[in-house]
Novice: 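Submitted below is the structure of interest, expressed as structure tokens.
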Amino acid sequence: MEETSTMPDPAVPGPAPSVPPTPPISLAALLAREDLGLRQIAGPRDSATVIHWAHTSEMADPYPYLLGGELLLTAGVHVPEAAGSGTYFDDYVSRIVEAGGAALGFGVAPVHDTVPRALVVACDDYGLPLVEVPPRTTFSAVARAVWQLMAQARHTELRRVTEAQQSLAAAAARPDPVPSVLRQLAQRVGGRAALYAPDGGEVASAGRMPGVGAGTGGGEVSGALAGLVAVVRPATGNGSGAGTGAGGVSAGTGTGGGGGGGPTPSSASDTAAGVHLAAYALGTGQGFVLGVAAPRRDPGDHTIASVGAVLLSLLTGEHQSSTGAARSSALVRLLLGAAPEEVAPLLGGGERWVVVHARPDGPAPDAVTASALGAALGSALVDVDGDVVRGLVPAGHRELTAQPGWTCGASAPVGPQEWASADTQAGRALSRARATRTRLVRHGEHPGLADLVPPPEAAAHARTVLAPITANPALTETLRTWLSLHGSWDRTAVALSVHRNTVRQRIARCATLLSTDLDDPDVRMELWFALRHA
């Protein structure tokens, strides 16, 4: 059998073999398949032996073509006749072990009637499990069984992760949310979960440290976890998670040491005394860190812990920071009648603000997705209103750009006293963005001749022109949207979420009440001018 040309050149040195990111299965599970008739005849019979995929090769030196973790299948085509009397099989097995192969499957027939005795001895010597594949079982059947078992493992793991996410979300809604989330997380990973304060001390914890009480050193594991927490904690108190995705949690980066002047990782993992450790910097901006210790590291554990970190970020951020206290004060003052311009300084912005309305491409937004959008926009002042997220963003702090997965409308920069009108502008800009399939539409991006007219005079003119339809907001908004979309019935219907016939009826009603011809471009221009200043 011949290797494909897509394999790497053996003469070119490459990185060390790494295990593919697929759910592994135990070799024992594959051997238990009665339809295959596989039998282990050499090597360690360890229930912890796992394989990540099956690969067929008839190369005398398979090392350059292995990634690690494979069940290597061969019919012995490459074996020379005099192999049993030399070092051929020792060299062959040692190269498989060096490449990280998990096991070797040898097919009996059509080349060999039995598995060579020298191969059995070599596998025992090098600790490589050797599996006999009977004549009736094809290599493709073995590979198919591997993938079937992997699919089952993936389904089981996804179900476990989904159930964990639901239980963590329910825990976050309890009266004691932080301890409840930690208890649920510890239960799901079968170990211990702890929340660490910016000074390194434990704020709360749940579960038991794996291995403690059975003669192992609990202090060693606890110290290692505290050290890992210090690796991911932001050195300056500025949250490293603000720009790393939902909740600020990213993939583990390892623990190469906290020095070196590089960026602080938002998560890291390590092992101490056989216990798997992980730490996650919370996206609160205050240096809180989640530490997790578990007896094993299953494929979904990182996802489950990441969900816990997101929830803890939301639970700790607003209540533990001075910024959160200032926002609470701002809310109270607004409710008690303070003017917006008096409240704005408490929110940490400048003199000008932009209101953003955003709608996701997928399901309706929730608190987590809204928080992630706010982090991307540079503001924590977000609100979920049905299927739209509204945000209040300080103008000039960072450039407002389109966000992947969102359709956005932005107001013009305004002062706090104009927040209400800016909210209306953002809503209209979002409607236009959806109708034109544009990711981001800004209100009044391009100045025109109409801006030369003093606002009071423009407003008075608008009231006079639009007086016949002002009493009916549906007519006014339909006319505004229809004109902004160049008279398109379909796009107006999409923007207003009504039927196109409803749009036609409303526009016809506008033409009647205004006693004008809406097909005349001059008339449309005058009405658009009036609507802009209404």
Novice: After noting the C-alpha distance and the side-chain angles of Thr303 and Gln165, does the key distance pass the side chain to side chain contact (heavy atoms under 4.5 Å, CB included) rule?
Specialist: CA-CA 9 Å; Thr303 301; Gln165 289 174 333; 4.2 Å; yes
Novice: Checking side-chain contact (heavy atoms from CB on, under 4.5 Å) against Val389, which of Pro360, Pro365, Cys408 comes through?
Specialist: Pro365
Novice: Whether the side chain of Gln40 engages the backbone of Ala42 through a donor-acceptor N/O pair (distance < 3.5 Å, no angle test) should be reported.
Specialist: yes
Novice: So do the side chains of Thr271 and Leu277 get within less than 4.5 Å of each other, counting heavy atoms only?
Specialist: no
Novice: Would you call Ile51 and Glu70 a side-chain contact if the rule is heavy atoms closer than 4.5 Å?
Specialist: no
Novice: What's the separation between atom CG in Leu71 and atom OG1 in Thr49, rounded to the nearest 0.5 Å?
Specialist: 11.5 Å
Novice: Closer than 3.5 angstrom, by distance alone: can the side chain of Gln425 be matched with the main-chain N or O of Ala412 as a donor-acceptor pair?
Specialist: yes
Novice: Would you say Gln187 and Arg183 are linked by a side-chain donor-acceptor pair, where the criterion is simply a distance under 3.5 Å?
Specialist: no
Novice: Quick one: closest heavy-atom pair of Pro295 and His276, and the distance?
Specialist: O-CD2, 3.6 Å
Novice: What's the separation between atom CG in Leu496 and atom OG1 in Thr481, rounded to the nearest 0.5 Å?
Specialist: 4.0 Å
Novice: Rounded to the nearest 0.5 Å, what separates atom CH2 in Trp53 from atom CG in Leu66?
Specialist: 9.0 Å
Novice: How many angstroms lie between atom OH of Tyr280 and atom NE2 of His302, to the nearest 0.5 angstrom?
Specialist: 5.0 Å
Novice: Between Gln403 and Thr401, is there a donor-acceptor pair closer than 3.5 Å when you use the side chain of the first and the backbone of the second?
Specialist: yes
Novice: Heavy-atom distance under 4.5 Å between the side chains of Val178 and Leu312, does that happen here?
Specialist: yes
Novice: Can you name the nearest heavy-atom pair linking Pro24 to His52, along with the distance?
Specialist: CB-CE1, 3.6 Å
Novice: Working to the nearest 0.5 angstrom, can you tell me the gap between Trp406 CH2 and Leu377 CG?
Specialist: 9.0 Å
Novice: So, do Leu72 and Ser57 sit near enough that their side-chain heavy atoms are less than 4.5 Å apart?
Specialist: yes
Novice: Locate the shortest heavy-atom distance separating Ala278 from Leu225; write the atom from each residue and the value.
Specialist: O-CD1, 3.8 Å
Novice: Where do Trp419 and Trp353 land on the side chain to side chain contact (heavy atoms under 4.5 Å, CB included) test, with the steps shown first?
Specialist: CA-CA 8 Å; Trp419 281 346; Trp353 299 78; 3.5 Å; yes
Novice: Looking at Leu27 and Pro129, what are the two nearest heavy atoms and their distance?
Specialist: CD2-CB, 3.8 Å
Novice: Is a side-chain N or O of Arg352 found less than 3.5 angstrom from the main chain of Pro413, in a donor-acceptor match?
Specialist: yes
Novice: Considering only heavy atoms from C-beta outward, does the side chain of Pro62 approach that of Ile96 to under 4.5 Å?
Specialist: yes
Novice: Who pairs with Arg434 by side chain to side chain contact (heavy atoms under 4.5 Å, CB included), at least two apart in sequence or on another chain?
Specialist: Arg359, Thr407, Leu430, Ser497
Novice: Run Val131 and Leu31 through side chain to side chain contact (heavy atoms under 4.5 Å, CB included) and show every step you take.
Specialist: CA-CA 9 Å; Val131 177; Leu31 295 174; 3.9 Å; yes
Novice: Does a donor on one side chain and an acceptor on the other come within less than 3.5 Å for Thr436 and Arg491?
Specialist: no
Novice: Any non-hydrogen side-chain atom of Pro394 less than 4.5 Å from a side-chain atom of Ser379?
Specialist: yes
Novice: Which atom pair, heavy atoms only, marks the closest approach of Gly191 to Pro210?
Specialist: CA-CG, 4.1 Å
Novice: Please identify each residue that fulfils side chain to side chain contact (heavy atoms under 4.5 Å, CB included) with Arg428, with sequence neighbours left out.
Specialist: Thr424, Glu477, Arg480
Novice: Restricting to non-hydrogen atoms, name the atom on Val414 and the atom on Ala422 that form the minimum distance, rounded to 0.1 Å.
Specialist: CG2-CB, 3.6 Å
Novice: Is Arg144 atom CZ crowded by more than 12 heavy atoms from other residues, nucleotides or ligands, each under 6.0 Å away?
Specialist: no
Novice: Do you know which of Val229, Val289, Val181, Leu282 makes side-chain contact (heavy atoms from CB on, under 4.5 Å) with Leu195?
Specialist: Leu282
Novice: Could you name each residue pair satisfying ring-ring contact (aromatic ring centres under 6.0 Å, His included) that touches residues 421-442, not counting sequence neighbours?
Specialist: none
Novice: Let me see the working for Arg442 and Leu440 under side chain to side chain contact (heavy atoms under 4.5 Å, CB included), right down to the final yes or no.
Specialist: CA-CA 7 Å; Arg442 295 178 176 86; Leu440 172 64; 3.6 Å; yes
Novice: Compare all side-chain heavy atoms of Val441 with those of Thr438 and state whether any distance is below 4.5 angstrom.
Specialist: yes
Novice: Do His357 and Asp423 meet the criterion of a side-chain donor-acceptor pair at a distance under 3.5 Å?
Specialist: yes
Novice: With a 4.0 Å cut-off, would you call Arg154 and Glu157 a salt bridge?
Specialist: no
Novice: Are the side chains of Thr162 and Arg160 in touch, meaning some heavy atoms are under 4.5 Å apart?
Specialist: no
Novice: Atom CD in Glu202, atom OG in Ser222: separation rounded to 0.5 Å?
Specialist: 7.5 Å
